[in-house]
S.K.: 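For reference, the structure I am asking about is given below.
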Amino acid sequence: MNPLLSRRQLLLTSVAAPFANAQSIGIGGPVGHKILVIGAGLAGLNAALILEQWGFDVEVVEARDRVGGRLWTLDHMPGAPEGGGNVIGSGYGRVIYRAHELDVPLRTPPSALPSDYQIGGQRIPRSDWAVADANPLPDDWREIHPERLLAKLNEDNPLLKTRAWHHVDLMAQDQPADVGLRSLGFPESAIRLINANNSYGNHLSDTSLMGLYRVLGEFGRLSGPALAVTEVTQGNMRLPEAMANRLTRPVSLNEPVLRIRQTPAGIKATLTSGRTLDADAAVIAVPLPALGQIALDLPPDRRALLKSVAYHKVVQLHCIVDEPFWEAAGWSGSWWTDGQLGRIFTRPIPDSTRHNMTIWINGDDCDRLNALDADACTDMILSALWKLVPEAKGVTSVGQLVRWTTDPFAGGAWALWKPGQAGSAHDAIRAPTGRLFFAGEHTAEAYRGMEAAMESGERAALEVLRLLA
Amino acid sequence: MRRAAGHRIGLGLIVCLLDTAPMAEPLSGEALFAVACEACHSLGPEPDHRIGPPLGGLHGRKAAGVRGFGYSPALQASGWVWTLPTTVAWLSDPDAAIPNNAMNYVNALSAEETQRLAEWLLAQP
Ligand SMILES: Cc1cc2nc3c(=O)[nH]c(=O)nc-3n(C[C@H](O)[C@H](O)[C@H](O)COP(=O)(O)OP(=O)(O)OC[C@H]3O[C@@H](n4cnc5c(N)ncnc54)[C@H](O)[C@@H]3O)c2cc1C
């Protein structure tokens, strides 16, 4: 039996019996209202599950031929690496709850191999970092590994004391991260290294310093077991799949929404197929670049605003390595570079001698690659790889190229707020207009990533309930 | 069910005639808990798979009072006791209430909703 429905039944029964004032219970009312959810990522699916639980008739339409959106398990590759969201934090309450409720097991991920460095074209073993000639940092910074440089921000981080990361007062002090780091005394060489693999902006000059404080604050608050992460045992996409399977109506796949009109009595959506759907309200749970493609009656300033939010650029080349070529040469297996290849994460495939190797390129370095067709892009990455680790040639094969920026239904990996932008834009971008409600990772308050998507779906469901329950 | 169907027809009429958005009944404390808290908190007595402590029998309980749950040092040292004013203060702005707590929650509820939720929650055994 469907536990969600049985739970709803329970709530409905409880309306009849123990509660004196059934009017204020707020359940039972929505039965018969139809809600259209656009986008079958975690945000849309979580909103859909909650609304269905409250008795709404929910239909989810999805542009792709699969659910999950920016969760994308590459099931066709050995080891099924993740092309989208990877790790589930210990504090992801809603993700963990849904996984448990839907019997989707989580596990501790097999760890990636440690990384060595390639800086200024020179390879440096991890253990030699502090003393290597190619380490560009000044004396009192040399011991800090490149991936740990940003952690210095936690020596005095305003967002360790509060989670109100986009509060106007804090945002008033926001600045471009390169300027901010300089004024905090970070040497130029450290700023260059941070820029090389910055996940929170496409370039440090358009990265929000407060955004960096936010991320570092999240880590700074955690210690001990709370730092542990998990992943879905059979691949992260199993979670959105299980969520979709729990819905009464199957998710309509391959159905991009083209246009949404509000009418006095509800909304009318037109799909690319020509089909139209009427509903009492819609939850729009698509990333902003995809939202920008949907014809929607939004005030011009709102439309300009949603177009002004940047998205993080990520290109990944997922490879399979047949033999651990790094062992003979004494390398660790993963690399952190300040060059074209960004970072290379190598991870053993359980019960196998093979490894998954993901080349992960961030930010503006992706521009050149995104301008090429897929084959040329793959070739460019591979030729850089053979240059960095010639040993890899012959034992490494390509499984999948993943480009989030050129994906029309994503437009990037995650939303990036420009310095100062979130102060007003964050609230404005998710405010309901009439019967349109907005969800998605970019609209969350407390979390980032997968849990942000879940949190936002919950909030949008609450807004619908306020209007229609 | 019958009430719900009638409600819908009524709404449709009002909307057609007056071209206004419908006004819903305020959400109950129970409904608010189910939507905004239940993923992280059960109402049982024992910690379970959820990442937050169980909230059954909260009224008069000392903060960080459930044995076996791994609370933050901040909540343990807070000296708080859960009553209506403390619960409302906690939910409205957890960071201001007890800095360095481990509940990553930004309140999406209105002041009235927060109050209604807290009243309902504190009445649960
Ligand atoms: C490379 C990468 C690594 C990541 N790593 C992590 C991580 O380690 N941990 C973490 O927590 N998070 C991570 N994330 C982020 C996380 O994956 C996302 O925040 C989350 O999955 C977003 O969910 P969402 O529902 O908001 O959006 P999406 O998952 O993007 O869902 C939106 C859905 O809307 C659909 N859609 C778009 N346009 C239309 C249309 N016109 N009509 C119908 N449907 C449409 C899309 O196809 C998509 O399915 C990562 C993301 C990427 C890309």
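Numbers restart at 1 for each chain; the letters A, B, ... are given by sequence-line order, proteins then strands.
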S.K.: To the nearest 0.5 Å, what is the distance between CZ on A:R94 and CD on B:E38?
M.R.: 12.5 Å
S.K.: Which region of B:N107, side chain (C-beta onward) or backbone (N, CA, C, O), has a non-hydrogen atom less than 4.5 Å from a non-hydrogen atom of chain A, or is it both or neither?
M.R.: neither
S.K.: I'd like to know which of B:A36, B:S72, B:G52, B:P94 tops the heavy-atom pair count under 4.5 Å against chain A.
M.R.: B:A36
S.K.: Do A:R466 and B:E113 have side chains that approach each other closer than 4.5 Å (heavy atoms only, starting at C-beta)?
M.R.: yes
S.K.: With chain A as the partner, which of B:L109, B:D48, B:D93 has the greatest number of non-hydrogen pairs under 4.5 Å?
M.R.: B:L109
S.K.: Please classify the contact of A:L222 with chain B as side chain, backbone, both or neither, using a heavy-atom distance under 4.5 Å.
M.R.: neither
S.K.: Among B:I51, B:V35, B:N104, B:D95, which has the most heavy-atom pairs under 4.5 Å with chain A?
M.R.: B:N104
S.K.: For residues B:L27 and A:L462, determine if any side-chain heavy atom of one lies less than 4.5 Å from a side-chain heavy atom of the other.
M.R.: yes
S.K.: Tell me the closest heavy-atom pair linking B:C40 and A:G93, and the distance in Å.
M.R.: SG-CA, 3.8 Å
S.K.: Considering residues, nucleotides and ligands other than B:F69, do more than 12 of their heavy atoms fall under 6.0 Å from its CZ?
M.R.: yes
S.K.: Chain B: which of A:K161, A:H100, A:E445 shares the most heavy-atom pairs with it under 4.5 Å?
M.R.: A:H100
S.K.: Answer with side chain, backbone, both or neither: which region of A:I50 has an atom nearer than 4.5 Å to a non-hydrogen atom of chain B?
M.R.: side chain
S.K.: Calculate, to the nearest 0.5 Å, the distance between atoms OH and OG belonging to A:Y97 and B:S42 respectively.
M.R.: 10.5 Å
S.K.: Could you tell me which portion of B:A96 (side chain, backbone, both or neither) has an atom closer than 4.5 angstrom to a non-hydrogen atom of chain A?
M.R.: neither
S.K.: Non-hydrogen atoms of chain B under 4.5 Å away: do they reach the side chain of A:R163, the backbone, both or neither?
M.R.: both
S.K.: Please flag which part of B:S110 lies under 4.5 Å from any non-hydrogen atom of chain A: side chain, backbone, both or neither.
M.R.: backbone
